[in-house]
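In what follows, a single structure is set out as structure tokens and then discussed.
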Amino acid sequence: MSFNTLNTKTLGLTNLHEVSEPTKILNEGCIRLLRYGGPMLRKLTVSEIAHRIEKICNMWLDPNFHYRRAVVERIVEETGMSSPVVEHGLDIEMSNYTSDSLLNTLKSEIGNPKFLDGFQANSFIKGLSRVYGPKLTAYWFSSTIPALPALSMIRGLLLKSPAIGRISQREQFFAPAFLLSLKEVFPDIEQAIWLTTWSPELFGCLEVLAKRCDAAIIYGSKKTCTFMRPKLAPFLKMVEHGHRIGLTLIGSDVVNSLSLPSLAESCAYDITTFDQRACISPQVYLVENNEDASTDNFAKALANSLQIMESRYPASTRSIDEKVAIFLAKKEVELRGGYALQAGSCWVLVEKNINGALPTIGHRVIRIVPVDDLEIALKELPFLDNLQNVALNVRPEIQNSLMETLAELGASRICRAGKMPYPTMTWHHDGMACLGQLVRWLDVEI
Amino acid sequence: MSIVEDLIAFIQKPGNVLQRDELAVRLFHDQCDAIQEYAHYTKDCKVQCIADIPAVPETLYKGRGLYRSEKTIKTFYSSGTSGGPRTAIELSEPGLALMNSAIIEGARRNLFADGQQTRFLLLTPSTKESTDVIMVYGMDLIARYFGSEPPRFYILNGKIDFEGLTYAFERAVSDKVPVTLAGGSFAFAHFIEYCQERGWCTNLPFGSRSLDAGGFKGLSRVICPNKLQNSVVKILGIPKDKQINLLGMTELASQFYNSGKVMNDRDDLDDCHVKINDPWNYTTVIDPDTESKCKSIGILMHVDLAIYDRPCAVFTADLGVLVNGGFCFVKRTSGYQNRGCSLIQE
């Protein structure tokens, strides 16, 4: 497929705003998926599906793969991200989907992946068990991260669930291109996955999904999730991936050690990857302060590393609205007695105390907060409801205690700085068994 | 005299620019003395006139804000319908008195310069129903001060009383009493839609006028200012020069009225109405990249000498541009959530 001919029509995307009876078209599409998609996927073993997914994702890892070449520029155009950031994001996402990681995820969440193929011995019940994925899953894709729609589609395929996908109106190229590419390994994939787009308010469409689907995987803002929940959650299994915030904890001994430049580089990588748009991206750094001015040392080192990192992974273009938001954020920090360090087009906001530990506005704007005691500071964070991914670089004596506290506060992943963008496929995203909670079990005890 | 008494005296009888700047510098120092964080924030600034006063971001008031330690007697909130935190503004007794004088004198200069007495019909809830919204408070204050009789409110329990309002217009016509219709721009749009659907219109007595505020800010109904004006001419017979739009913010104490001039000669200011500064406030535009004053579209920064309790200079999240005779409001940025008084009727 050439770049010139790529548009949503050639990609087979159905825009429900352009049809005269959108709910009727949507309903018929769902019935078609139920009739043909389920049987088509159930013919395959879960192992075959995992291997086919690995094969196509390996093809996507080739920088010259024609689908990849066709969509990267369009994603850049539509999201404002720079090409190196998009390419790197694709690499990270696609390298996650090996057959081993996919089957391990199933093992982690349902025990034996073959439960999805047929009855298998289950020693825990001294009988047989069988697992069924949803009869029809609805996907609601966001536009924040390039290639993220692949994750929902892959989850659905592993569960042999046909799916209707609704694509964000801001980024309409990756998901259809990925679906088309799946034809190389699943020739009849169009019987199992159908992609559409419409505005959430299009009358009657969500009601069709509520009636026909038995599961939904929703990526969206708090506003989107709040809008969708009453319309879908009472009728089907709804897995929500809403707004989340990443955090990094740095111990004073680490900052004052010779490894500071390497730590700063790792942190800059965490921030830069996915352009700080992912739920796993850090927004706030709590730095244990001591007499040696740890915070200021760390801030300078991070600003330096962010600037260097930007030469490899340029930041997104910014609208005037975003520039205004950054300007106001800087002024707020100054008023709180802190200061703002420029790092290329990025900003390091150094707060005076824990009162400033607020989420940032993204766009590689990072907040550093000096604290006397990491444990106490954690409990005072104002965004605990949205806590997600935490990088922990502290001395061993306090690590276990901080891990316990983070667990209690709701974090769903702890890793080292520099590894924040690399959760495994098996990670319990948002603290959930994302596959396990979608399936239905049948146990035979005769 | 205290700084507040002097400011009220200036607002009621404005002097020249030098007198304004002298008061501005006094107010700035007074606020630095009373607000420690602000003093720290401005410690390297040399303030010699109103334009030099360092501004604080409006977003500060989504949090705990920055205030003198005087007793709060009134708090106003932004609508907060966007789901984000609501802006909260606290006022002390002298702060409220100063704000009241700015609201009244602003209306006297920009809405009632002709001294006309009118009957006020308000497209807002009453201040009993909506106790903490600055637009409702301000319009009620103007109506009680300038109205020929107590105002009547035509939003009850969140719904517009269309029938009551059209009846009130018809009575005003039969009584030959000029009317001031005042309220949120969004409520105006609803009323126009109601009248258009029913083919209802009238011709209000000479001297009638309208005042709308709040704009549309991304709401479900959007009418451009010119279309709104044409509709009000058709439906109520109020001439365009008697239709005033007001730009107000919970974070400010004063309001900015239309000058009557419309920008037709710039593509980026498609039919924008020029807003004017009263003698006690000052507006400039800041480039978000360079953080310096600019002639192109940028961040609107206002200095409002009617703000006593908190720093009187504010960086807004609004985009605008300076033009001959004032400034144009271009749009509210979306880096921060939409909000505004007009959302009451959404």
Side-chain angles (χ1 to χ4, degrees), chain A residues 80 170 199-201 203 220-227 229 242-243 277 315-340 342 344-347 349 351-365 367 382-383 385-386, chain B residues 35-45 54-67 81-85 87 218 220 251 268 285-292 294 296-301 310-311 313-321 330-338:
Chain A
R170 289 191 198 135
S199 70
E201 293 81 14
F203 183 74
S221 63
K222 187 178 172 188
K223 191 177 164 193
T224 301
C225 292
T226 306
F227 176 76
R229 208 174 296 133
H243 178 56
R277 297 189 193 198
S316 302
T317 50
R318 289 186 188 135
S319 67
I320 190 159
D321 291 32
E322 289 157 354
K323 289 177 182 179
V324 171
I326 292 171
F327 172 86
L328 294 174
K330 280 170 7 197
K331 293 293 163 197
E332 275 195 61
V333 174
E334 288 167 14
L335 258 165
R336 284 193 289 262
Y339 60 94
Q342 184 156 22
S345 72
C346 323
W347 287 92
L349 308 180
E351 295 285 351
K352 196 174 173 193
N353 55 42
I354 192 70
N355 292 333
L358 305 163
T360 72
I361 46 173
H363 307 293
R364 302 193 194 183
V365 177
R367 214 181 283 283
F383 52 85
D385 288 350
N386 301 107
Chain B
I35 309 167
Q36 200 182 350
E37 292 117 304
Y38 187 55
H40 184 261
Y41 175 69
T42 59
K43 65 181 186 300
D44 299 326
C45 302
V56 301
E58 61 152 272
T59 44
L60 203 65
Y61 297 96
K62 289 184 184 298
R64 68 190 177 95
L66 206 56
Y67 294 99
T81 28
S82 60
T87 294
S220 54
E251 297 84 348
D268 56 344
V285 175
I286 304 294
D287 181 320
D289 287 326
T290 64
E291 302 196 7
S292 52
C294 67
S296 55
I297 290 174
I299 296 168
L300 282 175
M301 184 206 119
R310 52 196 193 280
V314 179
F315 288 122
T316 70
D318 296 336
L319 293 180
V321 63
V330 174
K331 70 161 194 163
R332 179 144 190 92
T333 58
S334 58
Y336 286 93
Q337 310 246 12
N338 289 327

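Labels below follow one simple rule: chain letters A, B, ... track the order of the sequence lines, proteins then strands, and each chain is numbered from 1. Everything quoted here is computed from the prediction, not taken from an experiment.
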For the student: nearest non-hydrogen atoms of B/Arg332 and A/Asp321, plus distance: O-OD2, 4.5 Å
What distance separates A/Ile361 CD1 from B/Thr59 OG1, expressed to the nearest 0.5 Å? 9.5 Å
Distance check, rounded to the nearest 0.5 Å: A/Glu332 atom CD versus B/Lys62 atom NZ? 10.0 Å
Toward chain A, the part of B/Leu60 with a non-hydrogen atom under 4.5 Å: both
Could you state the interatomic distance from CD (A/Glu334) to OG1 (B/Thr42), rounded to the nearest 0.5 Å? 12.0 Å
Can you tell me how far NZ of A/Lys331 sits from CE of B/Met301, rounded to the nearest 0.5 angstrom? 10.5 Å
Nearest-0.5 Å distance, NZ of residue A/Lys323 to CD1 of residue B/Ile299: 10.5 Å
Can you tell if the side chain of A/Leu335 reaches within under 4.5 Å of the side chain of B/Pro57, non-hydrogen atoms only? yes
Should we say atom CD of B/Gln36 is surrounded by more than 12 heavy atoms from elsewhere, each under 6.0 Å from it? no
Over all heavy atoms of both residues, which pair between B/Ala317 and A/Val324 is shortest? Give the atoms and the distance, please. CA-CG1, 4.0 Å
What distance separates A/Ile320 CD1 from B/Asp289 CG, expressed to the nearest 0.5 Å? 8.0 Å
Using non-hydrogen atoms and a 4.5 Å limit, figure out which bit of B/Thr316 sits close to chain A: side chain, backbone, both or neither. backbone
